[in-house]
Amino acid sequence: MADMRGVDEIRRDDAPVAGAAGPGAVADGTPPAPAPVDGTALDEAVEFTSGLIRIDTTNRGGGDCRERPAAEYVAERLAAAGLEPVLLERTPGRTNVVARIEGTDPSAPALLVHGHLDVVPAEAADWSFHPFSGEVHDGVVRGRGAVDMKNTDAMVLAVVRAWARHGVRPRRDIVIAYTADEEDSAADGSGFLADRHPHLFEGCTEGISESGAFTLHPGSGRALYPIAAGERGTAWLKLTARGTAGHGSKPNRANAVSRLAAAVARIGAYQWPVRLTDTVAACVTELAALQGMSVDPHAPGFDLDAVLAELGPVAALVEATVRNSTNPTMLSAGYKLNVVPAHATAYVDGRTLPGGEAEFEATLDALTGPDVDWEFHHREVALEAPVDGRTFRILRESVEHFDPAGHVVPFCMAGGTDAKQFSRLGITGYGFSPLKLPPGFDYWALFHGVDERVPVDALHFGVRVLDRALRTL
């Protein structure tokens, strides 16, 4: 690692972050000036994706991760572009990086661009190549984080450095944040930044990050680019059943294991009712229109299941986000086969739609019954962002400018991102990490999957789209 000097010191104070870049601006709402993206920027997007993958930032949960080497990697390259990155930690080794690029319009609200540095575990024995090799093979960058989300981290870094080389400044201040701990609780990452260093995000009203503007090929010859404008809320639950301990050979009508098992079975079998949010309704409407169907999701008697059946494979964009959900995932009880334990526990992965929290809690009370208690093990809000305003229009235009045959649609993410924590600061979030992917490339399967990889051409497309979007916004 090269000498970091002014970047290397961990910051735990509340000093502001300054940024710098050259002259030149983009007027509000007008197409940007000629792109500063050059061959160097395209090469760096690939180089940085590979370099970040080679830094093992596996997050196994419970604090078992060390993002600092990756944080130093991006901070060094931001500093070389004339910025003043600050490294911040709540826990030693769990490092975040924040830098600000000053825009040309001081009256414009700032924009947050954020990405996480940690990745989920990868079992090397299951992969056909080493998960942390970062090798470029047959036009593809391979390794854990190639799509989630070191590719986007690298593309943002390449864009920022291209701006510095060409003396370009965006219209708005842009705050760049590389975070720790997104793949667990975000307590050492975006949660820590939002709670302890909110001044770093002063003026930010909107943010963009992962899981959007990637190509889906539904088999109709069309290329779809879903942009995330919502997230279901996180509602991870702990269930506890209590009963009477006793000998396993005797009848026991207060068996904690039986009580827990019954509650878990009810939860697992429950079919949550359909609840269409504005984002999902817009997604259904646009997908239907692309297939020549005119639908009104808010009309009385609207048959969502019939419409989804007509949509075919693209129905997967909405199927997981039309309801709250509860999936039992962990069970724990007992310490000896012939002893009935006094208590038993289970964990459930719950997700809530925007506005669905009250229904969720009331339903859990009914499903668990009088003999099982439940509590939130981890909880984060559901999010929804406008799809009919200036920001979404610019994101749409930026993608379709570089793929005129593509169709952007809004969608709601089934899971969640760091946008949840940043929403505490009043920041509205969009999922926008553009990639143009070839037919047959299963983007969804590679998230937390085996043999994660991203095409070099997709990174080049993403750099161009991000540059245009960020300078226009």
Side-chain angles (χ1 to χ4, degrees), residues 60-62 120-121 183-185 231-277 280 303-306 308-309 315-382 412-416 444-445 447-449:
R60 297 175 180 82
V120 296
E183 296 291 4
D184 191 24
S185 68
E231 300 182 4
R232 290 199 301 172
T234 304
W236 294 348
L237 311 174
K238 179 181 180 182
L239 277 58
T240 304
R242 291 179 172 81
T244 302
H247 199 287
S249 67
K250 297 180 179 180
N252 191 321
R253 299 187 182 278
N255 187 312
V257 176
S258 298
R259 289 173 171 177
L260 180 72
V264 168
R266 289 192 296 270
I267 291 169
Y270 182 70
Q271 178 74 353
W272 290 87
V274 170
R275 299 284 186 262
L276 287 182
T277 64
V280 174
D303 189 344
L304 176 65
D305 290 333
L308 293 182
L317 271 179
V318 297
E319 284 174 333
T321 57
V322 298
R323 297 176 172 89
N324 292 333
S325 66
T326 41
N327 276 314
T329 55
M330 297 173 66
L331 296 168
S332 177
Y335 54 90
K336 196 170 188 295
L337 192 148
N338 62 346
V339 177
V340 177
H343 59 83
T345 58
Y347 291 87
V348 175
D349 185 333
R351 308 287 171 148
T352 58
L353 294 171
E357 293 82 0
E359 177 187 35
F360 184 86
E361 293 182 24
T363 303
L364 260 293
D365 286 341
L367 292 174
T368 51
D371 299 319
V372 178
D373 297 324
W374 71 270
E375 60 185 307
F376 288 108
H377 177 69
H378 178 66
R379 186 180 190 182
E380 282 294 346
V381 297
C412 177
M413 280 187 267
W444 295 116
F447 259 87
H448 298 192

So, using side-chain contact (heavy atoms from CB on, under 4.5 Å) as the criterion, who are the partners of [X] when residues are at least two apart?
X    : answer
T240 : K238, R242, T345
V381 : L383, S423
A245 : A342
D184 : N59, D181

*Can you list the residues that meet the side-chain hydrogen bond (donor to acceptor under 3.5 Å, both in side chains) rule with H448, with sequence neighbours excluded?*
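Once residues adjacent in sequence are excluded, the partners of H448 under the side-chain hydrogen bond (donor to acceptor under 3.5 Å, both in side chains) criterion are D148, E183.
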
*asked:* Could you work out, with side-chain hydrogen bond (donor to acceptor under 3.5 Å, both in side chains) as the rule, every residue matching S325, not counting sequence neighbours?
replied: R232

Atom of [X], atom of [Y] and distance for their closest heavy-atom approach:
X    : Y    : result
L237 : L364 : CD1-CD1, 3.7 Å
I267 : P328 : CG2-CG, 4.4 Å
A382 : L353 : CB-C, 3.7 Å
G243 : A256 : N-CB, 3.7 Å
P354 : T277 : CD-CG2, 3.8 Å

*Applying ring pair (Phe, Tyr, Trp, His ring centres under 6.0 Å), name anything that partners H377, two or more places apart in sequence or on another chain.*
Y347

*Partners of D305 by salt bridge (charged side-chain N to carboxylate O under 4.0 Å, His left out), sequence neighbours excluded?*
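D305: no salt bridge (charged side-chain N to carboxylate O under 4.0 Å, His left out) contacts found.
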
*Could you grab the distance from atom CG of L239 to atom CG of D373, nearest 0.5 Å is fine?*
9.0 Å

_Can you tell me how far apart OG (S258) and CG (N252) are? Round to the nearest 0.5 Å._
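CG of N252 is found 8.0 Å from OG of S258.
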
*Give every residue pair that meets the ring pair (Phe, Tyr, Trp, His ring centres under 6.0 Å) criterion with at least one member in residues 355-376, sequence neighbours excluded.*
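Listed once each, the pairs are W272-F360, W374-F376.
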
*Side-chain contact test, heavy atoms from C-beta onward, threshold under 4.5 Å: evaluate it for V257 versus P341 and give yes or no.*
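They are in contact (side-chain heavy atoms under 4.5 Å apart), so the answer is yes.
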
*Does some side-chain heavy atom of Y270 sit less than 4.5 Å from a side-chain heavy atom of T363?*
yes

*Is a side-chain donor or acceptor of N255 paired with a backbone partner of T244 at a separation under 3.5 angstrom?*
no

Residue pairs fulfilling salt bridge (charged side-chain N to carboxylate O under 4.0 Å, His left out) with at least one residue in [range], sequence neighbours excluded:
range            : answer
residues 337-364 : R275-E359, D349-R351, E361-R379
residues 316-337 : none
residues 249-272 : R259-D371

*asked:* If you count heavy atoms of other groups shown closer than 6.0 angstrom to NE2 of H378, is the number above 12?
replied: yes

